[in-house]
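Both counts, for ligands and for their atoms, begin at 1 and track the order of listing. For clarity, every value in this text was computed on a predicted model and none was experimentally measured. We use all heavy atoms of the structure for the numbers below, so side chains are in, but hydrogens, waters and symmetry mates are not.
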Amino acid sequence: MPEQQNKTFYLETFGCQMNVHDSEKVIGTLRQQGYRQVETVEEAGLVLYNTCSIRDKAEQKVFHRLADYKKLQTQGKRFGVLGCVAQQEGEKIFERAPHVSMVCGSASYRNLPQMLVQIENGGTRVTGLDDRETDECFETEFTARSNPYRGYITIIEGCDKFCAYCVVPFTRGKERSRTSESVLQEARQMADLGYTEIQLLGQNVNSYQDPAGKRSFAELLTAVGEIPGMQRVRFTTSHPRDFGRDIVQAIEALPTLCDHVHLPVQSGSTRVLDAMQRLYTREQYLERIAWMKAAKREISLTTDIIVGFPGETEADFAETLSLLDAVQFDGVFSFKYSPRPNTPALKLDDAISDEEKARRLTILMEKQREIQKRNYQRHVGQTLEAMVEGRNEARGQWVGRTSQNKVLNFTALEGVSPLPGTYVPVLVKTSFPNSLVGEMVV
Ligand code: SAH
Ligand code: SF4
Ligand code: F3S
């Protein structure tokens with residue numbers, strides 16, 4: 001590497017919150033090894049991509065990036081692929097993009113320091129790949145969190161559910177939980193540093209099992225919410241099969257636990273859920289929704305949906321639409337089914353055309369938009385607490401977020417500049433399908 005680029009790195013992250021948080025840990029680990037982060041590929045000696053493979057489009061992004069920068073290899077830059085595409089494709093990446101020197105899946109990040117040494121010594125095919133056997137979590141005291149008020153904590157890594165369409169069990173290895181003590185220790189340290197919002201992360205937080213047998217997931221949630229100074233605790237993602245009533249009771253009992261649950265349903269048809277190997281029926285899903293609707297605090301509900309899974313008929317799709325009516329979600333992330341390597345659903349015939357998937361997606365999104373338009377109106381006239389995130393100069397508004405995770409833009413009193421990370425009361429005046437607008441009150 002040319003001298004001035006020595007020990008500098010650029011990192012771009014794709015994918016879910018787990019990847020975003022892994023990148024914070026990777027950055028911390030690299031800094032600990034004497035590396036300095038830079039803002040552009042051009043400035044960097046080491047260029048890293050933390051990748052996502054959840055749908056084909058996500059996977060293709062990294063190969064586009066690598067193709068764009070291939071010419072820069074001649075300047076002595078080294079390239080590394082981390083994350084889910086790295087684990088999935090393994091050494092095949094070296095064939096497809098010969099200028100890549102390192103391929104490392106998330107279950108091997110604890111080996112990054114040794115891998116960096118190999119690269120510094122001229123290694124060109126350095127690998128860290130997992131065989132789904134590891135029991136270790138990537139815990140590090142070097143985490144470089146990018147936001148000083150709100151932070152992530154991983155409580156469980158990997159996934160053993162093997163939903164028929166999903167790459168995650170293959171890209172993130174087997175399910176393994178951290179002890180509740182180590183999670184609480186990290187949460188307390190964050191509270192001491194001034195963090196007031198913590199989001200507990202896992203592909204399936206509800207199957208959390210304290211290796212020390214001390215706390216259930218709901219008890220861990222409560223313990224984090226009771227840390228002095230903690231104002232908001234969130235968690236994602238929940239799996240309906242493992243979602244227990246004790247979580248609803250915890251949210252009811254403790255105001256610091258946010259009144260929002262993201263509970264991916266994927267389909268409203270039991271027949272499709274069965275083909276997806278989701279391990280619950282439409283009725284069981286709706287039972288969990290009923291628990292939340294009956295809670296003493298109003299709980300905001302959001303979900304994920306896949307349209308066009310192999311064999312999904314018009315009637316199945318109609319059941320998904322009717323589920324939207326029944327639940328009245330505050331948000332839906334919807335996706336066209338994308339066949340993925342290694343997954344059981346690959347054996348099924350992906351016979352629904354892309355046009356048909358797109359048609360179903362549009363119908364679903366339009367329906368949900370109408371539902372959200374009505375749902376968000378219920379907040380007009382309410383005074384909600386917003387965590388201040390920043391300022392939108394173009395609109396002359398402050399940007400905030402409610403406990404239910406809704407965007408709440410607001411105007412402040414003359415001469416008042418609310419500080420990012422503080423909490424302010426806002427009277428909601430107007431609503432849109434995805435955001436609220438109001439005025440700060442005293
Ligand atoms: N662990 C979470 C989801 C992780 S992936 C859970 O169990 O719900 C996030 C979302 O991506 C999923 O909820 C699903 O809706 C979508 N997704 C996953 N695999 C997909 C695929 N092959 N095609 C389309 N969407 C997919
Ligand atoms: Fe994928 Fe299913 Fe695991 Fe979620 S629970 S990560 S959808 S296999
Ligand atoms: Fe993508 Fe891996 Fe997350 S596949 S969604 S980055 S777990």
Novice: Is the shortest side-chain N to carboxylate O distance from Arg132 to Asp160 below 4.0 Å?
Specialist: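 Salt bridge between Arg132 and Asp160, a charged N being under 4.0 Å from a carboxylate O: yes.
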Novice: Does Glu219 come within less than 4.0 Å of Lys214, counting only side-chain N to carboxylate O?
Specialist: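 Result for this pair is no, no salt bridge flagged.
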Novice: Of the options Val168, Asp56, Leu346, which is the one that meets Arg340 in a side-chain contact (heavy atoms from CB on, under 4.5 Å)?
Specialist: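 For Arg340, the side-chain contact (heavy atoms from CB on, under 4.5 Å) test succeeds with only one of Val168, Asp56, Leu346, which is Asp56.
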Novice: Give me the nearest non-hydrogen protein atom to atom 4 (S) of ligand 3 as residue plus atom name, then the distance to 0.1 Å.
Specialist: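 Here the closest protein heavy atom is Ser53 N, 3.3 Å.
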Novice: Any idea which part of Pro264 is under 4.0 Å from ligand 1, heavy-atom wise: side chain, backbone, both or neither?
Specialist: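 Side chain only; the backbone of Pro264 stays clear of ligand 1.
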Novice: Which residue and atom name correspond to the protein heavy atom nearest atom 1 (Fe) of ligand 3, and how close is it?
Specialist: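 Going by distance alone, atom 1 (Fe) of ligand 3 is nearest to Cys52 SG, 2.4 Å.
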Novice: Which residue supplies the protein heavy atom nearest to atom 17 (N) of ligand 1, what is that atom called, and how far is it?
Specialist: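 I find the closest protein heavy atom is Arg55 NH1, 3.5 Å.
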Novice: How about Gln209: does its CD atom have over 12 heavy atoms from other parts shown lying under 6.0 Å from it?
Specialist: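 No.
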Novice: Does atom CZ (Arg369) have a neighbourhood of more than 12 heavy atoms from anything else shown, all under 6.0 Å?
Specialist: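 It does not: Arg369 CZ has 12 such atoms or fewer within range.
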Novice: I'd like to know if Met18 contacts ligand 3, where contact means a heavy-atom distance under 4.0 Å to any ligand atom.
Specialist: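 False for this residue.
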Novice: What is the closest protein heavy atom to atom 2 (Fe) of ligand 3, and at what distance does it sit?
Specialist: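 Checking every protein heavy atom, the shortest distance to atom 2 (Fe) of ligand 3 gives Cys84 SG, 2.2 Å.
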Novice: Give me the ring orientation class for Phe329 and Tyr285: parallel if the planes are under 30° apart, tilted from 30 to 60°, perpendicular past 60°.
Specialist: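 Phe329 and Tyr285: tilted rings.
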Novice: Please state whether the rings of Tyr49 and Phe14 are parallel, tilted or perpendicular, taking 30° and 60° as the class boundaries.
Specialist: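 If you compare the ring of Tyr49 with that of Phe14, the planes turn out tilted.
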Novice: Using a 3.5 Å cut-off on N or O atoms only, is Asp304 in polar contact with ligand 1?
Specialist: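 N/O-N/O distance under 3.5 Å: yes.
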Novice: Using a 4.0 Å heavy-atom threshold (strictly under), name the region of Gln203 that reaches ligand 3: side chain, backbone, both or neither.
Specialist: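 Contact part for Gln203 vs ligand 3: side chain (C-beta onward).
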Novice: Where does Cys16 meet ligand 3, judged by heavy-atom distances below 4.0 Å: at the side chain, the backbone, both, or neither?
Specialist: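 Both parts.
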Novice: Please give me the protein atoms (N, O or S only) lying under 2.8 Å from atom 1 (Fe) of ligand 2, ordered by chain and number.
Specialist: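 N, O, S partners closer than 2.8 Å: Cys166 SG.
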Novice: Say whether Glu298 and Gln404, considering side chains only, have a donor N or O and an acceptor N or O under 3.5 Å apart.
Specialist: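 There is such a pair between these side chains.
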Novice: Looking at Asp325 and Lys367, is there a salt bridge between them, counting it only when a charged N and a carboxylate O are closer than 4.0 Å?
Specialist: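 Salt bridge flag = yes for Asp325 with Lys367.
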Novice: Give the atom numbers and elements of ligand 3 that come within less than 4.0 Å of a heavy atom of Asn19.
Specialist: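 Near Asn19, the atoms of ligand 3 are 6 (S).
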Novice: Is ligand 1 less than 4.0 angstrom away from at least one heavy atom of Arg278?
Specialist: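 Under 4.0 Å: yes for Arg278.
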Novice: Please name the residue in the list Asp354, Ile352, Ile306 that meets the side-chain contact (heavy atoms from CB on, under 4.5 Å) test with Lys336.
Specialist: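 Single pass found, and it is Asp354.
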Novice: Considering non-hydrogen atoms of the protein only, which is the closest contact for atom 19 (N) of ligand 1, and what is the distance?
Specialist: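 Going by distance alone, atom 19 (N) of ligand 1 is nearest to Tyr165 CD1, 3.2 Å.
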Novice: Does Val168 have a heavy atom less than 4.0 Å from any atom of ligand 1?
Specialist: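 Outside the 4.0 Å threshold, so no.
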Novice: Is there any N or O on Gln203 that sits under 3.5 Å from an N or O of ligand 1?
Specialist: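 N/O-N/O distance under 3.5 Å: yes.
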Novice: Has Lys161 got any heavy atom lying under 4.0 angstrom from an atom of ligand 1?
Specialist: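 No, Lys161 has no heavy atoms under 4.0 Å from ligand 1.
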Novice: Is Glu197 paired with Arg234 through a side-chain N to carboxylate O contact shorter than 4.0 Å?
Specialist: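 Salt bridge present between Arg234 and Glu197.
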Novice: Work out whether the distance between some heavy atom of Ile54 and some atom of ligand 1 is less than 4.0 Å.
Specialist: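 Right, Ile54 reaches ligand 1.
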Novice: Between Phe243 and Met292, is there a side-chain heavy-atom distance shorter than 4.5 Å?
Specialist: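 In contact.
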Novice: Could you find the nearest protein heavy atom to atom 24 (C) of ligand 1 and give me its residue, atom name and distance?
Specialist: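 Residue, atom and distance for the closest contact: Lys336 O, 3.3 Å.
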Novice: Does ligand 1 have a heavy atom under 4.0 Å from the side chain of Phe335, from its backbone, from both, or from neither?
Specialist: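 Side chain only.
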Novice: Does a salt bridge link Arg145 with Glu186, judged by any charged N lying under 4.0 Å from a carboxylate O?
Specialist: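 So Arg145 pairs with Glu186 through a salt bridge.
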Novice: In the protein, which heavy atom is nearest to atom 23 (N) of ligand 1, and how far is it?
Specialist: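 The answer is Ser338 N, 3.0 Å.
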Novice: Could you tell me whether Glu314 and Arg359 have a side-chain N and a carboxylate O separated by less than 4.0 Å?
Specialist: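 Arg359 and Glu314: salt-bridged.
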Novice: Numbering the atoms of ligand 2 from 1, which are under 4.0 Å from a heavy atom of Arg278?
Specialist: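 Numbered from 1, ligand 2 contributes 2 (Fe), 7 (S).
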Novice: Hey, which atoms in ligand 2 end up nearer than 4.0 Å to a heavy atom of His239?
Specialist: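 Reading through ligand 2 atom by atom, the close ones are 5 (S).
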Novice: Can a salt bridge be assigned to the pair Lys357 and Asp350 using a cut-off of 4.0 Å between side-chain N and carboxylate O?
Specialist: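 Between Asp350 and Lys357 there is a salt bridge, with a charged N closer than 4.0 Å to a carboxylate O.
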Novice: Examine Gln266 against ligand 1 and note whether any of their N/O atoms are separated by less than 3.5 Å.
Specialist: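 So ligand 1 has an N or O lying under 3.5 Å from an N or O of Gln266.
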Novice: Between Arg340 and ligand 1, does any nitrogen or oxygen pair lie at a separation below 3.5 Å?
Specialist: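 It does not: no N or O of Arg340 is found under 3.5 Å from an N or O of ligand 1.
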Novice: Give a yes or no on whether Phe142 atom CZ has more than 12 heavy-atom contacts from other residues, nucleotides or ligands under 6.0 Å away.
Specialist: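 Counting other residues, nucleotides and ligands, CZ of Phe142 exceeds 12 neighbours.
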Novice: Check each atom of ligand 1 against the heavy atoms of Tyr337 and keep those under 4.0 Å away; list them by number with element.
Specialist: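 Near Tyr337, the atoms of ligand 1 are 23 (N), 24 (C).
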Novice: Can Lys7 and Glu120 be counted as an ion pair, charged N to O under 4.0 angstrom?
Specialist: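 Here Lys7 pairs with Glu120 in a salt bridge, since their nearest N and O are under 4.0 Å apart.
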Novice: Is Arg271 salt-bridged to Glu319, going by a charged N under 4.0 Å from an acidic O?
Specialist: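 Salt bridge flag = no for Glu319 with Arg271.
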